[in-house]
Amino acid sequence: MTETPQRVAIVTGGARGIGAATAQRLAADGLAVAVIDLEEAAAKGTVDAIEAAGGRALAVGADVSDSAQVEAAVERVAAELGPPVVLVNNAGVTRDNLLFKMSELDWDTVMGVHLRGSFLMARAVQKHMVEHRFGRIVNLSSTSALGNRGQANYSTAKAGLQGFTKTLAIELGKFGVTANCIAPGFIASDMTKATAERIGQDWDTYVAARAAEIPVARAGQPDDIANAVSFFVSESSGFVNGQVLYVAGGPKA
């Protein structure tokens, strides 16, 4: 009886927060995980945690909005861990401001990471998925896709990822590749801490106020999102394709 090769996942923006939690969860599920972040050194903490728990992982530095860096990163993952057949497009940035204050650079930076980055990563990885007749793509959207004051750029990018996901699902489904999207609500993370700082609110006060608006009466945690990723990535989820799952502690969309 031949042993099934260990599947390889790529998680972008994996140095901290949702990305780190997702990388560790997928490793616990039995996958080898490449952790991509802008700086390779930043991804090493996540890799160390995975290896300490007995998993296989690789830290890779790459700007996901740069096509040459993306191609090089995917080639390195394939060479050192094996062909990647799972992709979690989690890398993200915010450049929040009201429309009349938002610069073109604010707009382009957010579009570059979220939309261009997800496109470049999916394009680079899909050939491995198609070849192996198995693939899982999970894109990270947000409840901001429904509209959020001060986030014209971020909301647009996160809404765009939902359309991107549905199109990938249609194009790649016949090859055994699924594409799904997770739209987190309020998650306690470095990114939301930065938002609290930007608007001048104490973090604990900010979390309490946000939690009060959520039906389950708590802030989300990175592990809540990692759990949803684990579901979409699993072997048994092959008939779940082109979906947007709001993980927000209450009804959205």
Side-chain angles (χ1 to χ4, degrees), residues 9-13 18-19 22 36 63-67 70-71 74 84-97 99 102 104-130 134-187 191 220 225-226 228-233 237-248 250-253:
I10 291 176
V11 178
T12 68
I18 290 171
T22 296
I36 293 182
D63 176 352
V64 296
S65 68
D66 184 293
S67 58
V70 165
E71 289 291 341
V74 172
V85 294
V86 172
L87 170 64
V88 181
N89 279 315
N90 168 74
V93 295
T94 54
R95 295 291 186 272
D96 297 349
N97 227 323
L99 180 62
M102 187 173 288
E104 291 175 29
L105 181 60
D106 291 337
W107 178 273
D108 291 344
T109 299
V110 170
M111 295 300 158
V113 175
H114 293 272
L115 286 178
R116 180 181 169 88
S118 295
F119 156 67
L120 291 174
M121 289 299 306
R123 188 180 66 176
V125 171
Q126 58 84 29
K127 58 190 174 188
H128 297 289
M129 299 178 176
V130 170
F134 176 91
R136 299 284 187 263
I137 298 171
V138 181
N139 297 315
L140 269 292
S141 179
S142 168
T143 53
S144 292
L146 303 172
N148 198 31
R149 178 180 170 84
Q151 289 195 317
N153 48 7
Y154 188 77
S155 296
T156 300
K158 289 306 194 183
L161 281 171
Q162 296 188 16
F164 179 59
T165 299
K166 292 176 181 292
T167 301
L168 293 184
I170 293 167
E171 290 189 10
L172 299 175
K174 65 184 178 182
F175 302 109
V177 180
T178 65
N180 291 287
C181 196
I182 297 170
F186 178 68
I187 305 296
M191 186 176 284
I225 308 307
V229 176
S230 176
F231 164 72
F232 280 133
V233 166
S237 292
F239 203 57
V240 183
N241 192 24
Q243 301 305 301
V244 179
L245 177 63
Y246 282 82
V247 182
K252 291 287 181 180

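Since the model is a prediction, treat every value here as computed from it, not as a measurement. Throughout, residue positions are numbered sequentially from 1 according to the sequence presented.
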Note: A145 and Y246 closest approach over all heavy atoms is CB-OH, 4.4 Å
All ring pair (Phe, Tyr, Trp, His ring centres under 6.0 Å) counterparts of F186, not counting sequence neighbours = Y206
Note, N90 side chain near T22 side chain (heavy atom, < 4.5 Å) | no
Please report the C-alpha distance between V11 and V229 in whole Å, then the side-chain angles of each, then the deciding distance to 0.1 Å, and finally whether the side-chain contact (heavy atoms from CB on, under 4.5 Å) criterion is met.
-> CA-CA 11 Å; V11 178; V229 176; over 6 Å; no
Inter- and intrachain pairs under side chain to side chain donor-acceptor pair (under 3.5 Å), touching residues 115-128, at least two apart | none
Locate the shortest heavy-atom distance separating L115 from A157; write the atom from each residue and the value.
-> CD2-O, 3.5 Å
Just wondering, do K158 and L161 contact through their side chains at under 4.5 Å, heavy atoms?
-> yes
With side chains defined as the heavy atoms from C-beta onward, is the minimum distance between N89 and L140 less than 4.5 Å?
-> no
Backbone N or O of A152 within a donor-acceptor pair of the T156 side chain at under 3.5 Å?
-> yes
Roughly how far, to the nearest 0.5 Å, is CH2 of W107 from CG of L99?
-> 8.5 Å
Between atom CZ of F119 and atom CG of L168, what is the distance when rounded to the nearest 0.5 Å?
-> 10.0 Å
Nearest heavy-atom approach of A228 to L245 is CB-CD2, 4.1 Å
Nearest non-hydrogen partners of N241 and G173, listed with the distance = ND2-CA, 4.1 Å
Measure across Q162 and S141 and return the closest heavy-atom pair with its distance rounded to 0.1 Å.
-> NE2-OG, 3.1 Å
If we only count heavy atoms from C-beta on, is the F231 to N180 side-chain gap below 4.5 Å?
-> no
If you look at every heavy atom in I18 and P184, which pair is closest and at what distance?
-> CD1-CG, 4.4 Å
Taken to the nearest 0.5 Å, the spacing of T165 OG1 from I170 CD1 works out to 11.0 Å
Residues in salt bridge (Lys or Arg N to Asp or Glu O under 4.0 Å) with K252, at least two apart?
-> none
Between T167 (side chain) and G163 (backbone), is there a donor-acceptor pair under 3.5 Å?
-> yes
So how far is it from L120 CG to D66 CG, rounded to the nearest 0.5 Å?
-> 8.0 Å
Does N153 reach the side chain of H114, with side-chain heavy atoms less than 4.5 Å apart?
-> no
Out of T178, I182, V86, which one pairs with F232 under the side-chain contact (heavy atoms from CB on, under 4.5 Å) rule?
-> I182
In this structure, CD of Q151 is separated from CG of N97 (nearest 0.5 Å) by 11.0 Å
Given the rule in the side-chain contact (heavy atoms from CB on, under 4.5 Å) test, do M121 and T12 qualify, once you have shown the distances and angles that lead to the verdict?
-> CA-CA 9 Å; M121 289 299 306; T12 68; 4.0 Å; yes
Look up atom CD1 in I187 and atom CD1 in I225, then write down how far apart they are to the nearest 0.5 Å.
-> 4.0 Å
Main-chain N/O of S144 paired with S155 side-chain donor or acceptor, under 3.5 Å | yes
